[in-house]
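What you see below is based on every heavy atom in this structure, not just the backbone, and it leaves out hydrogens, waters and symmetry mates.
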Amino acid sequence: MNRTAVISIIALFLVAAAFRPAARKAVPMPQNPKGLPDTVTVVFDSINQVNGVINGDSVTFVPGDTVKKDSTAVKHPTRRITPVDIDDNKPKNVLHYYDKHGEPLEEPVMFLATLDTVTKAKSKPVYPLYNGMSIGVNFADAVLMIAGQKHASFDIWADVSLHNWFFPVVELGMGYAKTTPENQNYTYKGKPSFYAKVGMNYNFLYKSETDYQAFAGFRLGYSSFSYDLENVSISNGYWDESQTIDILNQKASALYGEILAGLKVKIYKNFSLGWNIKYHFKLHTSSKSASTPWFIPGYGTSSPLSFSFSAIYSFGQKPKREPDAAEATAAKK
């Protein structure tokens with residue numbers, strides 16, 4: 001090979017080498033420290049910092065998707081973080097053992113909205129069965145006699161408190177009258193006669209304090225009595241004469257009913273005052289004479305309405321109020 005050929009070959013190699021693309025330098029890929037997973041579950045401790053554990057090592061995540069491990073920051077922009085939000089101030093779930101009406105549930109639940117099937121709360125007593133007794137003296141007619149009334153019924157009564165709800169009542173009394181009825185031609189003299197009543201009161205405030213009542217009730221009364229008709233004036237129009245006679249020792253009996261409503265209010269310690277208004281009606285009246293009694297002991301006259309006013313003394317062990325279901329649930333909370 002001549003000198004010229006050798007120079008030409010060398011020149012071609014130099015030109016080819018000048019236009020050949022430069023080889024890329026190999027750059028090592030960043031390593032995954034401790035084998036970080038693609039999805040990391042962490043716990044938020046604050047807004048700016050997240051603490052967690054990856055592969056047994058404690059790490060800290062901060063905004064910008066930076067992982068700090070052993071005070072060395074390594075960028076991993078492809079990592080995804082799934083936070084679990086734990087807020088200490090968030091209300092805790094509470095199990096409910098009763099519905100909002102105080103009825104016990106078969107199983108405790110967290111929410112009551114879908115389980116509220118009770119349309120009306122059931123009535124339940126909050127006091128023990130026996131709550132003591134009360135004795136009262138009715139003196140309403142005594143006040144009316146001061147105002148001029150000529151007939152009266154005086155009675156003493158006693159009741160028993162059952163759950164502060166129901167009150168069986170017994171009344172014993174005496175009635176008499178001595179008056180000349182308006183537009184009548186005789187003087188009616190009812191001899192002092194005994195009467196008795198039995199019945200029941202229903203206290204609408206049975207869950208409240210025992211010192212106060214708002215009640216309705218009924219009574220069934222009976223009296224056997226005697227009376228005189230004195231100074232009976234009989235006129236004879238034909239002879240234009242009149243005479244006066246007495247019809248004595250008339251006997252009769254009566255069975256009657258009462259419907260009443262009233263209040264009881266504590267005055268001082270065990271002393272209370274009570275009053276009620278009554279609507280009464282005759283069930284049966286019998287008389288062994290031709291006359292009709294104008295006054296019936298315990299019932300009154302022909303007026304269907306009357307009222308009573310009583311001084312009351314209550315005694316017995318002071319009842320202890322038992323909390324109802326709603327109050328018991330609140331106490332447990």
### Query
Can any side-chain N or O of Ser208 pair as donor or acceptor with the backbone N or O of Tyr206 at less than 3.5 Å?
no
#### Entry: Evaluation steps, side chain to side chain contact (heavy atoms under 4.5 Å, CB included), between Ile312 and Lys264
CA-CA 9 Å; Ile312 306 169; Lys264 174 186 173 183; 4.2 Å; yes
### Query
Between Trp294 and Thr301, do the side chains contain an N or O donor and an N or O acceptor separated by less than 3.5 Å?
no
### Message
I'd like to know whether NZ of Lys278 has more than 12 heavy-atom contacts from other residues, nucleotides or ligands below 6.0 angstrom.
### Response
yes
#### Entry: No-hydrogen, no-angle side-chain donor-acceptor test under 3.5 Å, Asn276 and Ser308
yes
### Message
Quiz question: by atom type and distance under 3.5 Å, do the side chains of Ser253 and Ser224 form a donor-acceptor pair?
### Response
no
### Message
Determine whether a donor-acceptor pair (N or O, by modelled atom type, separation under 3.5 Å) exists between the side chain of Lys197 and the backbone of Gly298.
### Response
yes
### Query
Are Asp228 and Tyr188 close enough, and set up right, to give a side chain to side chain contact (heavy atoms under 4.5 Å, CB included), and what steps lead you there?
CA-CA 6 Å; Asp228 296 332; Tyr188 185 92; over 6 Å; no
### Task
Decide whether Tyr222 and Ile156 are clustered together by the hydrophobic rule: side chain heavy atoms of Ile, Leu, Val, Met, Phe, Trp, Tyr closer than 4.5 Å, transitively.
no
### Message
Which residue is it: Ser314, Ser310, Ser272? I am looking for the one with a side chain to side chain donor-acceptor pair (under 3.5 Å) to Ser134.
### Response
Ser314
### Message
Surrounding NZ of Lys178 (heavy atoms of other residues, nucleotides or ligands, distance under 6.0 Å), is the total greater than 12?
### Response
no
### Task
Following the transitive rule for hydrophobic clusters with a side-chain heavy-atom cut-off under 4.5 Å over Ile, Leu, Val, Met, Phe, Trp and Tyr, establish whether Val143 and Leu263 coincide in one cluster.
yes
### Task
Assert yes or no for the condition that the ring centre distance of Tyr256 to His280 is strictly below 6.0 Å.
no
### Task
Report yes if some heavy atom in the side chain of Met133 is under 4.5 Å from a heavy atom in the side chain of Phe315; otherwise report no.
yes
### Query
What residues, two or more places apart in sequence or in another chain, satisfy side-chain contact (heavy atoms from CB on, under 4.5 Å) together with Ala252?
Phe225, Tyr227, Ser287, Pro293
### Query
Which heavy atom in Leu273 sits nearest to a heavy atom in Ala311, and how many Å separate them?
CD2-CA, 4.0 Å
#### Entry: Partners meeting side-chain contact (heavy atoms from CB on, under 4.5 Å) with Ala216 (sequence neighbours left out)
Phe204
#### Entry: Trace of the side chain to side chain contact (heavy atoms under 4.5 Å, CB included) decision for Asn131 with Trp165
CA-CA 10 Å; Asn131 289 325; Trp165 198 349; over 6 Å; no
### Query
If we only count heavy atoms from C-beta on, is the Asn201 to Leu260 side-chain gap below 4.5 Å?
yes
### Message
As an exercise, state the distance from CG of Asp211 to CD1 of Ile267, rounded to the nearest 0.5 Å.
### Response
10.5 Å
### Task
First locate atom OG1 of Thr210, then atom CG of Leu205, and finally report the distance between them rounded to the nearest 0.5 Å.
11.5 Å
### Task
Look at the side-chain heavy atoms of Ile, Leu, Val, Met, Phe, Trp and Tyr, link any pair under 4.5 Å apart, and say whether Tyr299 and Ile277 land in one connected group.
no
### Phe166: which of Tyr202, Tyr127, Phe215 passes ring-ring contact (aromatic ring centres under 6.0 Å, His included)
Tyr202
### Task
Using a cut-off of 6.0 Å, state whether more than 12 heavy atoms not belonging to Phe194 lie near its atom CZ.
no
### Task
Considering non-hydrogen atoms only, spot the tightest contact between Lys269 and Lys266 and give its length.
O-CE, 3.0 Å
### Between Glu230 and Thr187, a side-chain donor and acceptor under 3.5 Å
no
### Query
If you measure from OG on Ser153 to CD on Glu171, what distance do you get to the nearest 0.5 Å?
10.5 Å
### Task
Test side chain to side chain contact (heavy atoms under 4.5 Å, CB included) on Phe167 and Asn203 and set out the steps.
CA-CA 8 Å; Phe167 293 79; Asn203 181 22; 3.6 Å; yes
### Message
Do Thr244 and Ser233 pair up side chain to side chain, a donor and an acceptor below 3.5 Å, judged on atom types alone?
### Response
no
### Query
Transitively linked via ILVMFWY side-chain contacts under 4.5 Å: Met174 with Met145?
no
### Message
So, taking the atom named CG in Leu162 and the one named OH in Tyr130, what distance separates them when rounded to the nearest 0.5 Å?
### Response
10.0 Å
### Query
Could you state the interatomic distance from CG (Asp141) to CZ (Phe309), rounded to the nearest 0.5 Å?
13.5 Å
### Query
Taking all non-hydrogen atoms of both residues, which atom of Thr179 and which atom of Lys150 are closest, and how far apart?
CB-CB, 3.4 Å
### Message
Between Phe281 and Phe218, is there shared hydrophobic-cluster membership here, with clusters defined by ILVMFWY side-chain heavy atoms closer than 4.5 Å?
### Response
no
### Task
Consider only side-chain N and O atoms of Asn138 and Asp155, and report whether a donor and an acceptor are under 3.5 Å apart.
yes
### Main-chain N/O of Leu255 paired to His284 side chain as donor or acceptor, under 3.5 Å
no
### Query
Got a second to check how far Thr292's OG1 is from Leu229's CG, nearest 0.5 Å?
9.5 Å
